[in-house]
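Counting starts at 1 for both ligands and their atoms, in listed order.
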Amino acid sequence: MSAVDSQVGDVPKPINKYMEDASEDFLYHFGFGIKTLDIEATFGDTKFICTGGSPSRFKLYAEWFSKETGLPCSENLSRSDRFVIYKTGSVCWINHGMGTPSLSIMLIESLKLMHHAKAKDVKFIRLGTSGGIGVAPGTVVISTAAMNGELTDKYVQWIAGKRVERDTYLDEGISEDMGKLAVELSIPFEKGMTMCADDFYEGQMRLDGYFCEYTAEDKFAFLKLIHEKGVRNIEMESTCFASMTYRAGVKAAIVCVALLNRMNGDQIKIEHEQYVEYEQRPFRLVTAYIRKQLGI
Ligand code: R2B
Ligand code: URA
């Protein structure tokens, strides 16, 4: 490994040459930098970064994990109002907002954070919500692969006016282990591909948006097509998540609960108690996996 390699994941990867000798690196959306926080002391022991959309859900997850394990839960370590960061032992809980632009910012700053912290063998897990495709509400979908809105397995970026396609990959070992744990814990689950849409309404063929220039028949034909291709849920981050983690050499998994079966409707109307129970399912599965891995 050369001096400029980063060992955040289990595969050494060269880091951005312009950052090699940087005397300051301010992580703008986390609100701190290498000069304002002892990053190595605070984050050096990190082994898991758990992420998902909502800041309040990730605060709650961190508190639940702390209660379950007896590990203390940090205060919110973020100094910006864009993202929250909680830490319970070697597990960080960071929300990523909605959609790939927000997620990509959170991932880049988390990877830089782990690099500055000299953390090693860190795994990234996304615990999210999604719309199920042919799966019952409450089913936890363990993603086997990510698919974009053009129905290919690439994450598309626009750089210098050019379209750049990045490969996507999710760790098979983690999804295998999670599947076994879901059986043990009697958590209803399915393994399948996850489609990443760039918006919640037209990009997911909803009939309940402000605009709608396709028919109900078009919607069902599309859902049937992606179901036949192996898609079991739609959300808004998977291609970016599966590509940036792969590019950084870190192992990653995506585990999302389906809030509804899109074959039966588009509106999400769930009683609060039911919603809380649904959002506990990915948490129960992922934390069982983490606790087993960490022996805690
Ligand atoms: C799932 O839920 C959010 C939209 O409601 C989005 O972030 C996603 O992937
Ligand atoms: N999140 C999505 O992106 N789509 C859904 O249908 C539900 C949650």
Side-chain angles (χ1 to χ4, degrees), residues 29 50-61 82-84 93-107 110 124-143 145-149 151 155-156 168 170 188 190 192-210 212 214 216 219-220 222-224 226-227 231-245 252-272 274-283 286:
H29 303 85
C50 292
T51 187
S54 142
S56 57
R57 180 155 43 94
F58 273 70
K59 178 176 193 280
L60 197 63
Y61 281 178
R82 298 292 186 182
F83 300 113
V84 297
W93 306 87
I94 311 179
N95 79 298
H96 60 55
M98 286 189 280
T100 58
S102 179
L103 170 71
S104 74
I105 295 170
M106 175 272 169
L107 280 180
S110 295
F124 281 57
I125 304 181
R126 168 168 142 71
L127 298 83
T129 56
S130 62
I133 305 298
V135 305
T139 305
V140 172
V141 178
I142 303 172
S143 306
M147 179 192 267
N148 64 32
L151 311 190
Y155 171 51
V156 177
T168 58
L170 293 166
E190 282 218 27
M193 291 172 74
T194 296
M195 184 187 141
C196 177
D198 285 336
D199 71 87
F200 187 76
Y201 289 99
E202 291 172 281
Q204 302 191 21
M205 294 293 275
R206 281 190 145 76
L207 301 174
D208 63 343
Y210 185 73
C212 190
Y214 40 80
K219 168 194 158 177
F220 287 110
F222 178 71
L223 296 189
K224 191 165 167 281
I226 60 172
H227 187 263
V231 171
R232 291 295 173 269
N233 63 344
I234 307 182
E235 41 78 283
M236 297 177 60
E237 291 85 16
S238 53
T239 50
C240 173
F241 188 78
S243 117
M244 281 200 176
T245 48
I254 304 177
V255 180
C256 293
V257 68
L259 297 179
L260 76 170
N261 179 358
R262 289 291 314 290
M263 300 291 193
N264 297 336
D266 295 329
Q267 293 260 302
I268 304 178
K269 283 178 297 185
I270 309 174
E271 293 300 322
H272 180 70
Q274 182 69 88
Y275 188 85
V276 172
E277 208 267 307
Y278 283 177
E279 68 179 358
Q280 277 175 356
R281 294 183 185 181
F283 172 85
V286 169

Colleague: Strictly by modelled atom types, are N233 and T194 linked by a side-chain donor-acceptor pair under 3.5 Å?
Modeller: yes
Colleague: Under the 3.5 angstrom rule, does the side chain of N261 hit a backbone N or O of A136 as a donor-acceptor pair?
Modeller: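 The answer is no, because no donor-acceptor pair under 3.5 Å joins these two groups.
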Colleague: Could you go through ligand 2 and list every pair where one of its N or O atoms sits under 3.5 Å from a protein N or O, giving the atom names and the distance to one decimal?
Modeller:
residue: ligand 2; atom: 3 (O); partner: Q204; partner atom: NE2; Å: 2.9
residue: ligand 2; atom: 4 (N); partner: Q204; partner atom: OE1; Å: 2.8
residue: ligand 2; atom: 6 (O); partner: R206; partner atom: NH1; Å: 3.3
residue: ligand 2; atom: 6 (O); partner: R206; partner atom: NH2; Å: 2.7

Colleague: For S104 versus P101, what's the shortest heavy-atom pair and its separation?
Modeller: OG-O, 2.9 Å
Colleague: Which residue is it: E237, M98, M244? I am looking for the one with a side chain to side chain contact (heavy atoms under 4.5 Å, CB included) to L103.
Modeller: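 Among the candidates, only E237 passes.
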Colleague: Would you sort out whether F283 and C50 count as a side chain to side chain contact (heavy atoms under 4.5 Å, CB included), showing the intermediate values?
Modeller: CA-CA 10 Å; F283 172 85; C50 292; over 6 Å; no
Colleague: Can you confirm if the aromatic rings of Y278 and Y275 lie within a centre distance of less than 6.0 Å?
Modeller: no
Colleague: Can you give me a line-by-line list of nitrogen or oxygen pairs between ligand 1 and the protein shorter than 3.5 Å?
Modeller:
residue: ligand 1; atom: 2 (O); partner: T129; partner atom: OG1; Å: 3.2
residue: ligand 1; atom: 7 (O); partner: E237; partner atom: OE2; Å: 2.7
residue: ligand 1; atom: 9 (O); partner: R126; partner atom: NH2; Å: 3.4
residue: ligand 1; atom: 9 (O); partner: M236; partner atom: N; Å: 2.8
residue: ligand 1; atom: 9 (O); partner: E237; partner atom: OE1; Å: 2.4
residue: ligand 1; atom: 9 (O); partner: E237; partner atom: OE2; Å: 3.4

Colleague: Side chains of M106 and H29: closer than 4.5 Å at any heavy-atom pair?
Modeller: no
Colleague: Side chains of E202 and C212, heavy atoms from C-beta outward: is any pair under 4.5 Å?
Modeller: no
Colleague: Anything under 30° is parallel, anything over 60° is perpendicular, the rest tilted; go ahead and classify W93 against F58.
Modeller: tilted
